[in-house]
Amino acid sequence: MQKQDTNIVFKDYDNNQLMLLPQSLEELLPLSHPARTVNSIIDRINMGSILDHYSTLGASSYHPKMLMKVLIYGYLDNCFSSRKIEKSIKESVPFMWLAGMQRPDHNTINRFRSAKLNGVIREVFSQVVLLLHDEGLLDIKDIYTDGTKIEANANRYTFVWGNTIKTNKEKISSQLQQLWDYAKKIATEELEDQSEDFKNPSPEKVIQTVDKINKALEGKKADKKVRQKLNYAKRNWPEKLQEYAKKEEILQGRNSFSKTDEGSTFMRMKEDHMKNGQLKPGYNLQLSTSKQFVVNYSVHQNPGDTITLKPHLEAYKSMFRHHPDTVTADAGYGSEENYDYLEKNGVDAYVKFNTFHKELRDKKKRKKTFTLLENLHYNQEDDTYTCPIGQKMTQINQVHRKTSTGYVQQYTYYMARNCQGCPLAGSCKKGAGNKILKINRKLEEYRNKARAKLTSETGIQKRKQRATDVEPVFGHFKQNKGLKRYALRGLEKVEIETGLAVIAHNLEKASRK
């Protein structure tokens, strides 16, 4: 039998001991606890837009402020599942305190998240940002912008490609034209005065054309395979064209979507575990930050950052009724359209362009590279460039091109007179023939302005600040696997999830100040 040391003293312990006055949850929650920050900020939010989703009929509802608090604190605590939040409300002190000992079930929590917050989460987010701004924790006018990809909760092997649809429609158009041409050879009298355009045919057009061909071939000796093709076309092509039309409506100009999440687009994921940049269904998340707080967010279906800046800043304007004073962004945003937009809206832009770092490296090498435009002399009076050996390059053409967003760019082409036998030809141009320059004058002017700003003392400081301001925030979201796992499918759902996540991030950071 084990000998007991009678000199050891223990505290009284009896977990069945009844308490005359139960301990208050208020006493169990430290004054610096993040739940108190969530409670304080959400209590100051105007819930009018959310209240519009409620009916005056039926039984009483849980208060939206209480549900908002437990949801946001759940995201702050990496608890995203409505079932886990329901469990925490029954067992966790911070959740019980925020819920006021009320116990909404997971269905109530999920309905509130998906239905009541639909279309209003951004308004809640903007109020939180303004409250933190009033506290002096962030600056909404000087922002740093960047983007990252969020993998969708979708099957990566069930996809639809826009180019495949385009190719299949072109095949139908081409084959219909071939059938028509064959029929005109066999039934010349019946079809000689009729001409048809089969570019992008409708299902009705296919049926009408096949009926015309069949009628014209009646009693004629036609190839058996052609008749089989006509039967196949009438039976299958109209249905296929209807299917393609529905898919194009879902695509809305995108190149792909997942069948299990039609809002997602296939994008190259840098953070893929295979480290090979695999294409996966996802969304493009754009964030603007200030002092590592998120001041603006937007979710996009296109993989490139270039065309997201304008809608991202328009979302900013809709929240705060003005554009930011300054924007600092990486080379992915340095397009003519973006520079033009920023300048017209009075935004002081520190935005890199795609060759900015290459130019800096070339200057450090102190070696002239004759392929760079700035090493060629431009004479504005006679509109000519002078090549490295002194030969003038004159204008040969001007072309206007429209981008995918409808923005019109002007390109001017200049050509050298004679490059044959030039000792610098190998480093100056590619291929045979005379050297041709393709110049976007407006873009070059914007790049010169951007270069001057980015290499100034202020620009260098902002470039350094961007790395320390934006990247830690994106690191938080990239590591947040729970957000990806529980993100509901569809653009609207992802926007709600992202809105809750960025609010939680801001309040967690505020609680540490």
Side-chain angles (χ1 to χ4, degrees), residues 41 45-46 49 117-150 283-302 304-335 337-352 405 407 446 450 453 462 465-466 469-474 476-477 491-492 494-507 509-510:
I41 295 294
I45 294 294
N46 183 348
S49 56
L117 295 183
N118 188 16
V120 300
I121 188 65
R122 176 171 287 278
E123 185 178 334
V124 175
F125 166 75
S126 65
Q127 291 186 60
V128 170
V129 171
L130 289 172
L131 286 171
L132 296 176
H133 175 262
D134 292 341
E135 295 289 334
L137 296 175
L138 55 85
D139 181 5
I140 62 172
K141 293 189 176 181
D142 183 16
I143 63 174
Y144 300 85
T145 301
D146 207 346
T148 190
K149 309 295 190 300
I150 296 180
Y283 294 89
N284 189 348
L285 171 62
Q286 296 290 310
L287 296 181
S288 289
T289 65
S290 170
K291 300 177 182 177
Q292 296 187 11
F293 286 90
V294 178
V295 298
N296 185 28
Y297 76 94
S298 57
V299 182
H300 305 267
Q301 295 172 291
N302 50 285
D305 289 339
T306 308
I307 62 175
T308 62
L309 186 63
K310 284 177 66 176
H312 180 71
L313 292 182
E314 285 300 313
Y316 175 101
K317 185 182 178 183
S318 69
M319 288 192 299
F320 305 123
R321 305 293 183 265
H322 60 78
H323 282 94
D325 289 346
T326 62
V327 170
T328 305
D330 213 340
Y333 303 89
S335 69
E337 183 176 3
N338 287 340
Y339 287 132
D340 189 38
Y341 172 82
L342 292 165
E343 186 176 88
K344 285 179 178 177
N345 288 283
V347 181
D348 194 13
Y350 294 85
V351 180
K352 298 176 189 176
T405 58
Y407 183 80
Y446 282 135
K453 282 186 176 182
K462 286 197 171 291
Q465 182 63 30
R466 193 197 71 84
D469 204 300
V470 180
E471 290 178 9
V473 178
F474 275 118
H476 168 78
F477 283 96
L491 182 61
E492 290 180 352
V494 174
E495 285 178 338
I496 292 171
E497 296 285 339
T498 306
L500 290 168
V502 294
I503 292 171
H505 168 81
N506 282 353
L507 296 185
K509 187 159 183 63

Q: May I have the step-by-step check of side-chain hydrogen bond (donor to acceptor under 3.5 Å, both in side chains) for N284 and N302, ending in yes or no?
A: CA-CA 7 Å; N284 189 348; N302 50 285; 5.9 Å; no

Q: Considering only heavy atoms from C-beta outward, does the side chain of Y316 approach that of S288 to under 4.5 Å?
A: no

Q: Are the side chains of L309 and L342 in contact, using a 4.5 Å heavy-atom criterion?
A: yes

Q: Sub-3.5 Å donor-acceptor pair from the side chain of E492 to the main-chain atoms of N118, do we have one?
A: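 No.
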
Q: Can a donor-acceptor pair be found, under 3.5 Å and without considering hydrogens, that links the side chain of N338 to the backbone of T306?
A: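 At least one qualifying donor-acceptor pair exists.
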
Q: Looking at NZ of K462 and CG of D142, how far apart are the two atoms once the value is rounded to the nearest 0.5 Å?
A: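 Atom-to-atom, K462:NZ and D142:CG are 3.5 Å apart.
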
Q: Where do L138 and F293 come nearest, in terms of heavy atoms and distance?
A: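 That closest heavy-atom pairing would be CD2-CB, 3.6 Å.
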
Q: Rounded to the nearest 0.5 Å, how far does CG of L132 lie from CD1 of I503?
A: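 Reported value, rounded in 0.5 Å steps: 10.5 Å.
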
Q: So, applying side-chain contact (heavy atoms from CB on, under 4.5 Å) with V295, which one of I143, L287, D139 is it?
A: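 When side-chain contact (heavy atoms from CB on, under 4.5 Å) is applied between V295 and each of I143, L287, D139, only I143 qualifies.
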
Q: Which pairs with one or both residues in residues 306-328 pass salt bridge (charged side-chain N to carboxylate O under 4.0 Å, His left out), sequence neighbours excluded?
A: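 Pairs touching residues 306-328 that pass the test: K310-E337.
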
Q: Does any part of the side chain of H322, heavy atoms only, come nearer than 4.5 Å to the side chain of K141, both counted from C-beta?
A: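 Yes, at least one pair of side-chain atoms sits under 4.5 Å.
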
Q: So which atom in Y283 and which in L491 form the shortest heavy-atom distance, rounded to 0.1 Å?
A: OH-N, 3.5 Å

Q: Spell out, as yes or no, whether a donor-acceptor pair under 3.5 Å connects the side chain of D146 to the backbone of D330.
A: no

Q: Quick check for you: to the nearest 0.5 Å, what is the distance between N296 atom CG and M319 atom CE?
A: 4.0 Å

Q: Of the non-hydrogen atoms in V129 and F320, which two are nearest, and what is the gap between them?
A: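 Taking V129 first and F320 second, the nearest heavy atoms are CG1-CZ, 3.8 Å.
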
Q: What distance do Y407 atom OH and D340 atom CG have between them, rounded to the nearest 0.5 Å?
A: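 If I round to the nearest 0.5 Å, the distance is 3.5 Å.
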
Q: Taking C-beta and beyond as the side chain, do Y341 and V347 meet within less than 4.5 Å on heavy atoms?
A: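 No, every pair of side-chain atoms sits at 4.5 Å or beyond.
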
Q: Give, for atom OG of S335 and atom CG of D305, the distance between the pair rounded to the nearest 0.5 Å.
A: 11.0 Å

Q: Would you say V470 and T148 make side-chain contact, with heavy atoms under 4.5 Å?
A: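 Answer no - side chains too far apart.
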
Q: Which heavy atom of H505 sits nearest a heavy atom of Q292, and at what distance?
A: NE2-O, 2.9 Å

Q: Is any side-chain heavy atom of F125 closer than 4.5 Å to a side-chain heavy atom of V502?
A: yes

Q: Are any non-hydrogen side-chain atoms of I140 and S290 less than 4.5 angstrom apart?
A: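 A side-chain contact under 4.5 Å is absent here.
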
Q: So, taking the atom named CD in E471 and the one named OH in Y144, what distance separates them when rounded to the nearest 0.5 Å?
A: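 E471 CD to Y144 OH: 13.0 Å, rounded to 0.5 Å.
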
Q: Looking only at atom types and distance, does a side-chain atom of Y339 sit under 3.5 Å from a main-chain N or O of A349, one as donor and one as acceptor?
A: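 Side chain of Y339 to backbone of A349: no pair is present.
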
Q: side-chain hydrogen bond (donor to acceptor under 3.5 Å, both in side chains) for Q465 and Y350? Distances and angles first, verdict last.
A: CA-CA 12 Å; Q465 182 63 30; Y350 294 85; over 6 Å; no

Q: Got a sec, which residues hit ring-ring contact (aromatic ring centres under 6.0 Å, His included) with H300, two or more places apart in sequence or on another chain?
A: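 Testing H300 for ring-ring contact (aromatic ring centres under 6.0 Å, His included), a comparison that skips the adjacent residues, returns none.
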
Q: Quick one about D469 and T289 (side-chain donor to acceptor, distance below 3.5 Å, no hydrogens or angles considered), yes or no?
A: yes

Q: Is there a side-chain contact between Q286 and T145 in this structure, where contact means two heavy atoms from C-beta onward sitting under 4.5 Å apart?
A: yes

Q: Applying side-chain contact (heavy atoms from CB on, under 4.5 Å), run through D348 and K453 and close with a yes or a no.
A: CA-CA 9 Å; D348 194 13; K453 282 186 176 182; 2.5 Å; yes

Q: Before giving the answer on side-chain contact (heavy atoms from CB on, under 4.5 Å), spell out for N506 and I41 the whole-Å C-alpha distance, their side-chain angles and the decisive distance to 0.1 Å.
A: CA-CA 11 Å; N506 282 353; I41 295 294; over 6 Å; no

Q: Between S298 and H312, is there a donor-acceptor pair closer than 3.5 Å when you use the side chain of the first and the backbone of the second?
A: no

Q: Looking only at non-hydrogen atoms, find the nearest pair between A315 and R122 and report the distance.
A: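 Looking at all heavy atoms of both residues, the shortest contact is CB-NH1, 3.9 Å.
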
Q: Is it the case that the side chain of T498 and the backbone of E495 share a donor-acceptor pair, with hydrogens and angles ignored and the cut-off at 3.5 Å?
A: no

